[in-house]
Protein chains: 2
Amino acid sequence: MNDSGRSTGSSAGSKRKDARRNQQTLLDAAAAVFVASGVDAPVRDIAAKAGVGMGTIYRHFPTRADLVIAVYRHQVDACAEAGPALLAAGPTPHAALGRWVDLFVDFLVTKHGLAAALQNDNAGFETLHAYFLDRLLPVCTRLLEAAAAAGEIRPGLDAYQLMRGIGNLCIGAESDARYDARRLVALLVAGLRRPD
Amino acid sequence: MNDSGRSTGSSAGSKRKDARRNQQTLLDAAAAVFVASGVDAPVRDIAAKAGVGMGTIYRHFPTRADLVIAVYRHQVDACAEAGPALLAAGPTPHAALGRWVDLFVDFLVTKHGLAAALQNDNAGFETLHAYFLDRLLPVCTRLLEAAAAAGEIRPGLDAYQLMRGIGNLCIGAESDARYDARRLVALLVAGLRRPD
DNA sequence: TCGATACCGGAGCGAGGTTCCGATTCGCTC
DNA sequence: GAGCGAATCGGAACCTCGCTCCGGTATCGA
């Protein structure tokens, strides 16, 4: 299924054993450092944690986005796959959309700085943006279309804007106890509902 | 009016003529550079544009936030003062809130990177955050309370969260044609309305 | 005019991202 | 098992940027 493989390092193409081992080591180290210091932790720290040089990290993951994608690929995929399932299971499309959005928000909020990185237009992050879009936009579009077909929501808001808005609302949610991103996203989705 | 002067440089305390002149030059240069390159343009660029050294810029504006505040102070004040006026003029508190939010969004969206800087927890920006909060939170609180008293909105969302959410939604709005922050903010405010 | 004081300007330090290249290790072949 | 070419490793080096520090200088008051 979906081998929409970008240049995200390589999973099977690696010939040499040490290269593959190092790639895994790097993924583990990156995951640990991301949890501890956020997704924009210094590259040096990740390299140090993995016990490799910086050349190694940049060879395996040319941009920081590639590393982030590799670390979170499974979770993003899970979120993407949950969409159709929710749509099939939920009572109404709008309910399914709401539940899917919750999933997405939970994912973003628990990753330090991920939401911020997603909107960051700094060089190297647009690949991350693109990956999320590639993977999740179709899912969101289907949910949105189903809800629109059921007449539950106001028309005219495409999935891109919705996802972008959700991503934005999640920025900084993990470092500010006074701010509840879930609440605001729920309000946004509520606002999407047809007043009728 | 309102000499709630923080450490935002000084407006009248400067004794020496050249100091005052440089301060104004810096404000003009900063405004120009902010428009061209966003509020997080390199300090060196601003100094160069103003034709002064970097020591000068840091003496007048110890942190970047002080500079940003000084540049936008008038507009923030105008926004703050518009709140009560709208509340008095509008047909309903919720309408006034909506119009005030539009004002705020317009302000944020037209300043490159301002919204992002506001949520940035990097050192030096929390003063900016604090200034906006000091100035606008009371206004927003009053609008929200009036709307709540009129029974127009769901209870339980404080002004801080609303403003933060709006600020977040505005991030990156100026550099992405596919994204319409005004629309999403409107949806959020709509979601705030009591379903009844 | 003259001294004290505040101000000016840029060299310099530290942090972080990214590149580059010599040394090393691996996998394959004979 | 030894040799060889190529891929990989590692970190030194370079760049950008924020911020500080201090010698030189202009300004104000007496």
Side-chain angles (χ1 to χ4, degrees), chain A residues 7 9-30 33-34 36-68 112-113 116-117 120-128, chain B residues 7 9-27 29-30 33-34 36-68 113 116-117 120-128:
Chain A
S7 60
S10 48
S11 296
S14 299
K15 290 193 169 182
R16 283 176 53 163
K17 195 176 12 175
D18 56 343
R20 223 164 357 199
R21 178 166 37 78
N22 265 336
Q23 178 151 329
Q24 191 54 48
T25 307
L26 275 172
L27 280 176
D28 296 344
V33 173
F34 285 171
S37 313
V39 294
D40 45 4
V43 181
R44 279 172 169 85
D45 289 2
I46 301 172
K49 176 92 178 181
V52 304
M54 307 206 321
T56 306
I57 214 172
Y58 275 101
R59 182 161 325 96
H60 283 292
F61 307 100
T63 77
R64 181 191 230 86
D66 293 321
L67 182 54
V68 176
H112 267 181
N120 214 333
D121 31 359
N122 290 353
F125 277 109
E126 61 290 323
T127 307
L128 186 60
Chain B
S7 59
S10 46
S11 295
S14 298
K15 290 194 170 181
R16 283 179 51 164
K17 195 178 9 175
D18 55 346
R20 220 163 0 198
R21 177 168 36 78
N22 266 335
Q23 177 150 330
Q24 191 54 48
T25 305
L26 274 173
L27 280 176
V33 173
F34 285 171
S37 313
V39 295
D40 44 5
V43 181
R44 277 182 233 271
D45 290 0
I46 300 171
K49 176 90 177 182
V52 304
M54 304 202 319
T56 306
I57 214 172
Y58 276 101
R59 184 162 326 95
H60 283 292
F61 306 101
T63 78
R64 179 192 231 84
D66 293 322
L67 182 54
V68 176
N120 215 333
D121 30 358
N122 290 353
F125 277 109
E126 61 290 322
T127 308
L128 187 60

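Not measured: the values here are computed from a predicted model. Lettering follows sequence order; numbering is per chain, from 1.
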Tightest non-hydrogen contact, residues B/R64 and B/V39, listed as NE-O, 3.0 Å
Rounding to 0.5 Å, atoms CG (A/L67) and OH (A/Y58) come to a distance of 10.0 Å
* Polar pair under 3.5 Å, donor/acceptor by atom type, side chain A/R16, base C/dT25 -> yes
When rounded to whole Å, the CE to P distance for the pair B/M54 and D/dC19 reads 10 Å
When rounded to whole Å, the CZ to C1' distance for the pair A/R20 and D/dC9 reads 17 Å
B/N22 atom CG is separated from D/dT25 atom P, nearest whole Å, by 17 Å
Separation between CD1 (B/I57) and OG1 (B/T25), nearest 0.5 Å, reads 11.5 Å
When rounded to whole Å, the CG to C1' distance for the pair B/D66 and D/dG18 reads 15 Å
Whole-Å distance, A/D40 CG to C/dA15 P, equals 17 Å
*Start with the C-alpha gap between A/I46 and A/K49, add the side-chain angles, then the distance that decides, and say whether side chain to side chain contact (heavy atoms under 4.5 Å, CB included) holds.*
CA-CA 5 Å; A/I46 301 172; A/K49 176 92 178 181; 5.6 Å; no
Picking from C/dG12, C/dG9, D/dA13, the nucleotide nearest the side-chain atoms of B/T56 would be C/dG9
With the side chain defined as heavy atoms from C-beta on, A/R44 is closest, among C/dG16, C/dA11, C/dC26, to C/dG16
From CD1 of B/I57 across to P of C/dC8 the rounded distance in Å is 12 Å
Nearest heavy-atom contact between B/F125 and B/A117 is CE2-CB, 3.6 Å
Whole-Å distance, A/Y58 OH to C/dC21 P, equals 17 Å
Please tell me if A/R59 has a side-chain N or O lying less than 4.0 Å from either OP1 or OP2 of D/dA7. no
Using a heavy-atom cut-off of 4.0 Å across all strands, would you classify B/A41 as base, sugar-phosphate, or nothing?
sugar-phosphate
Contacts of B/V43 and B/K17 projected onto DNA chain D by closest heavy atom; the upstream (5') one is B/V43
B/F61 CZ to C/dC7 P, in whole Å, measures 13 Å
With respect to the phosphate group of D/dT8, does any side-chain polar atom (N or O) of A/H60 fall under 4.0 Å of OP1 or OP2? no
query: Is B/R64 touching bases, backbone alone, or none of the nucleic acid, heavy atoms closer than 4.0 Å?
result: sugar-phosphate
Walking DNA chain D from its 5' end, the first of B/D45 and B/R21 to be reached, judged by nearest nucleotide, is B/D45
